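Data block below; observations after.
Just so you know, ligand 1 is whichever comes first in the structure, and atom 1 is the first atom listed for that ligand. Being a predicted model, the structure only gives us computed values, none of them experimental.
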Amino acid sequence: MGNLGAPEIILILLVILVLFGAKKIPELAQGLGKGIREFRKASRDIQDEIEHEVTKIDTEAKVQCYFCKASVSKDAKHCPSCGKSLEQPKCTKCGNTNLLGSRFCKECGQKLDE
Ligand SMILES: [Zn+2]
Ligand SMILES: [Zn+2]
């Protein structure tokens with residue numbers, strides 16, 4: 001559809017008036033209003049869906065840096081903001097994987113590398 005300016009709309013309304021008569025106008029307006037409401041509802045649903053998708057992608061791809069709270073890629077090995085390792089520290093002595101930010105192994109007490 002091309003751009004409809006006010007003169008075109010008035011012309012269309014006049015044609016409708018001639019074709020259907022003045023009595024039909026409220027009926028047509030009602031139908032039009034219903035159509036617009038349905039269209040708005042549909043576009044709102046689509047918008048909701050898009051927003052939902054965006055937040056889903058966002059939370060899937062990004063994690064918060066344990067140290068500086070910066071948003072970093074889930075696959076990043078190091079935080080680009082503070083440079084700290086984002087991999088869970090593995091104990092060199094017993095091989096236990098410790099929580100991010102641990103300084104000592106929770107299994108054997110071995111000091112962990114940064
Ligand atoms: Zn950081
Ligand atoms: Zn250990």
Checklist line | Shortest non-hydrogen separation from His78 to Gly83 and the atoms involved | finding: CD2-O, 3.8 Å
Notebook entry, point to check: Stepwise, does the side chain to side chain contact (heavy atoms under 4.5 Å, CB included) test hold for Glu51 with Gln47?
Noted result: CA-CA 6 Å; Glu51 273 170 20; Gln47 206 177 351; 4.0 Å; yes
Check: Going from CG on Leu86 to NZ on Lys74, what distance comes out if it is rounded to the nearest 0.5 angstrom?
Finding: 13.5 Å
Check: Which atom pair, heavy atoms only, marks the closest approach of Cys65 to Val72?
Finding: N-CG2, 4.2 Å
Item checked: Metal environment of the Zn ion (ligand 2), protein N/O/S under 2.8 Å -> Cys91 SG, Cys94 SG, Cys105 SG, Cys108 SG
Note to self: I'd like to know if Asp48 and Arg44 make a salt bridge, using a cut-off of under 4.0 Å between side-chain N and carboxylate O.
What the structure shows: no
Next item on the list: For the atoms SG of Cys68 and SG of Cys79, give the angle they form at the Zn ion (ligand 1), rounded to 10 degrees.
Entry: 110°
Could you pull out every donor-acceptor pair under 3.5 Å between side chains of residues 94-102 and any protein atom, sequence neighbours left out?
residue : atom : partner : partner atom : Å
Asn96   : ND2  : Asn98   : OD1          : 3.1
Asn98   : OD1  : Lys106  : N            : 2.8
Asn98   : ND2  : Asn96   : O            : 3.3
Ser102  : OG   : Leu99   : N            : 3.4
Ser102  : OG   : Leu99   : O            : 2.5

